[in-house]
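Computed from a prediction, not measured in an experiment: that's the story for all the values here.
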Amino acid sequence: MKKAVFIPDSFKGTLSSMEICGILREKTALHFPGCKTVSIPVADGGEGSVDCFLSALGGEKVPVTVKNPFFEDMESFYGLIDGGRTAVIEMAACAGLPLVENRRDPLRATTYGVGQLILDAVSRGVGKIIVGLGGSATNDGGCGAAAAAGVVFRNADGEAFVPTGGTTADIASIDLSGRDSRLEAVEFVTMCDIDNPMYGPAGAAHVFGPQKGADPETVERLDAGIRNLCGVLKRDAGLDLSETPGGGAAGAMGAGMVAFFGSRLQMGIQTVLDTVGFDRVIADADMVFTGEGKLDSQSLRGKVVIGVARRAKALGVPVTVIAGGADDAGIQEAYDMGVSSVFTINRLPQDFSVSRNYSAANLGYTADNILRLLKSARR
């Protein structure tokens, strides 16, 4: 084997994508000393996305002081890649759940800091901004980020204010005329791996509100606010986002990125593959290794494993999947989509609460055996 490409998703709760790449790289060097390896760690848009892009492509992490979910100053960051022409922002870096600790309150939480990160990147002359949605503490429909960028929200009395999850219901008008004009020259891509709408039973508040601290009454209040935001956007901006798949992502930040920043919503893995020039990278590869914590029917919706397999299949490059576990459902379809083989790492019939403590060792053991097989097959 002369070239191998590693592009795994994380094994949630056990191993990060970068840790997995490191183990695979170590084992490959042991069995194929001259093999060229390329590591492309993947994150889903949430916490760690910036580091993954920087690890794969190089670049610079830019520190910025912005507002946290409760309008308090905090030190945040974003990444610059592609020679400074592209910025990568993860909203979790200033609007994420870990930042609120025991103060979870989506009625008060804001995405204002995300808008500040965007403007700082724009001030550096970037032509493209990738925004990762995931792990948010907010449910403001992106209004905070929009306000930071110059969009003006007014209540029924004509007073300007910055809406939070608890006050989106008070939005009576939206004026986009003051939006920072520099944004017009920037291409926005938003990493979004869910298809939930803005509001309703499958919307932002009902599905994701409880994990952000919303009780049933608060969920209804948040949902009503996003419904109101959607109606005002339709009237004042001519945008009907009520049925937009992914509009409900990250407290309806998905819809906010479309409405206020002209972004397109795209599956995270497609964004990663396009950004790293995946087709070019694997063109001369002997094997692509990918994987995730659990391979099942949900994997077939175009997430990391299948996104990678489809691209590799088109170029005739085999794909080995290493997963924490695998369901029978969907495995055959995965083969049809370009997966060559599937291996699971757990060696003993143990509960996850036990096996998770041995994930690194089990992954190393499995990778070692796969590489031994590949080496013997080439003799």
Side-chain angles (χ1 to χ4, degrees), residues 44-46 69 89-92 95-96 106-107 109-115 117-118 129-153 162-176 179 183 186-209 212 214 219-268 271:
D44 60 5
I89 293 171
E90 57 186 62
M91 69 175 295
L107 293 175
T110 182
T111 56
Y112 195 89
V114 181
L117 291 177
I118 288 172
I129 296 179
I130 298 170
V131 179
L133 306 186
S136 74
T138 58
N139 205 100
D140 71 351
C143 292
V151 176
V152 178
F153 299 85
V162 179
T164 63
T167 58
T168 50
D170 298 332
I171 300 171
S173 68
I174 302 174
D175 182 0
L176 283 82
R179 196 184 78 128
L183 296 170
V186 179
E187 175 192 0
F188 282 89
V189 177
T190 299
M191 298 170 68
C192 176
D193 283 353
I194 65 170
D195 55 9
N196 301 71
M198 289 181 73
Y199 58 83
H206 281 279
V207 176
F208 305 107
K212 302 176 184 184
V219 165
E220 294 298 337
R221 182 175 169 188
L222 293 170
D223 189 65
I226 295 300
R227 187 183 297 267
N228 176 63
L229 169 63
C230 187
V232 179
L233 278 171
K234 183 176 182 179
R235 187 195 67 208
D236 291 1
L239 293 170
D240 184 356
L241 302 176
S242 59
E243 302 296 329
T244 300
M253 183 69 170
M257 288 305 302
V258 174
F260 304 123
F261 296 95
S263 181
R264 72 177 188 272
L265 305 182
Q266 182 172 282
M267 292 290 287
T271 305

>> I'd like to know whether Cys143 forms a side chain to side chain contact (heavy atoms under 4.5 Å, CB included) with Tyr112, so could you lay out the CA-CA distance, the side-chain angles of the two residues, the decisive distance to 0.1 Å, and finally the verdict.
In response: CA-CA 8 Å; Cys143 292; Tyr112 195 89; over 6 Å; no

>> Can you confirm whether Phe208 sits close enough to Ile194 that some side-chain heavy atom of one is under 4.5 Å from a side-chain heavy atom of the other?
In response: yes

> When rounded to the nearest 0.5 angstrom, what distance separates OG in Ser242 from NZ in Lys234?
Replying inline: 6.5 Å

> Closest approach of Pro106 and Ala214, non-hydrogen atoms and distance?
Replying inline: CG-CB, 4.0 Å

>> Tell me if a side-chain donor or acceptor on Asn196 pairs with a main-chain N or O of Ala204 at a distance below 3.5 Å.
In response: no

> What pair of heavy atoms forms the shortest contact from Ala149 to Leu183, and how long is it?
Replying inline: CB-CD1, 3.9 Å

> Any side-chain heavy atom of Met191 within less than 4.5 Å of one from Met267?
Replying inline: no

>> Using modelled atom types and a 3.5 Å cut-off, is there a donor and acceptor pairing between side-chain atoms of Asp223 and backbone atoms of Ala205?
In response: no

>> Distance check, rounded to the nearest 0.5 Å: Ile118 atom CD1 versus Ser263 atom OG?
In response: 8.5 Å

> So how far is it from Leu133 CG to Thr138 OG1, rounded to the nearest 0.5 Å?
Replying inline: 9.0 Å

>> Give me the atom names and distance for the closest heavy-atom approach of Arg221 to Gly166.
In response: NH2-O, 3.3 Å

> About how many Å separate CG of Leu107 and CG of Leu222, when rounded to the nearest 0.5 Å?
Replying inline: 5.0 Å

>> Once side-chain hydrogen bond (donor to acceptor under 3.5 Å, both in side chains) is applied, do any residues pair with Asp236, and if so which ones, sequence neighbours excluded?
In response: none

>> My understanding is that only one of Val131, Thr271, Asp193, Thr190 makes a side chain to side chain contact (heavy atoms under 4.5 Å, CB included) with Leu265; could you say which?
In response: Thr190

> Within a strict 4.5 Å, meaning less than it, do heavy atoms of the Ile89 and Ile129 side chains meet?
Replying inline: yes

> Can you tell if the side chain of Met257 reaches within under 4.5 Å of the side chain of Cys192, non-hydrogen atoms only?
Replying inline: no

> Taking the side chain as C-beta and beyond, is there a heavy-atom pair between Glu187 and Arg264 under 4.5 Å?
Replying inline: yes

> Yes or no on side chain to side chain donor-acceptor pair (under 3.5 Å) for Thr111 and Asp140, after CA distance, side-chain angles and deciding distance?
Replying inline: CA-CA 7 Å; Thr111 56; Asp140 71 351; 2.9 Å; yes

>> Using the rule given for side chain to side chain contact (heavy atoms under 4.5 Å, CB included), can you reason through Met253 versus Val114, listing the C-alpha separation, both sets of side-chain angles and the distance that settles it, and then say yes or no?
In response: CA-CA 10 Å; Met253 183 69 170; Val114 181; 3.7 Å; yes

>> Side chains of Ser136 and Lys212 only: does a donor on one sit below 3.5 Å from an acceptor on the other?
In response: yes

> Can you check whether Leu117 reaches Met91 side chain to side chain, under 4.5 Å on heavy atoms?
Replying inline: no

> Does any non-hydrogen side-chain atom of Val258 lie less than 4.5 Å from one of Leu239?
Replying inline: no

>> For Pro163, run the side chain to side chain contact (heavy atoms under 4.5 Å, CB included) check against Leu229, Asp170, Thr110, Thr168 and tell me which one passes.
In response: Thr168

> Of the non-hydrogen atoms in Leu241 and Ala255, which two are nearest, and what is the gap between them?
Replying inline: CD1-O, 3.5 Å

> Any idea which heavy atoms bring Gly134 and Ala250 closest together, and the distance?
Replying inline: N-CB, 4.5 Å

> Sequence neighbours excluded, which residues qualify as ring pair (Phe, Tyr, Trp, His ring centres under 6.0 Å) partners of Phe153?
Replying inline: Phe260

> Could you go step by step and tell me if Val162 and Thr164 meet the side chain to side chain contact (heavy atoms under 4.5 Å, CB included) rule?
Replying inline: CA-CA 7 Å; Val162 179; Thr164 63; 5.6 Å; no

>> So, taking the atom named CG in Asp240 and the one named CZ in Arg235, what distance separates them when rounded to the nearest 0.5 Å?
In response: 14.0 Å

> Taking side chain as C-beta onward, heavy atoms only, is Val151 less than 4.5 Å from Asp175?
Replying inline: no

> Of all heavy-atom pairs between Arg179 and Phe261, which one has the smallest distance, and what is that distance?
Replying inline: NH1-CA, 3.4 Å

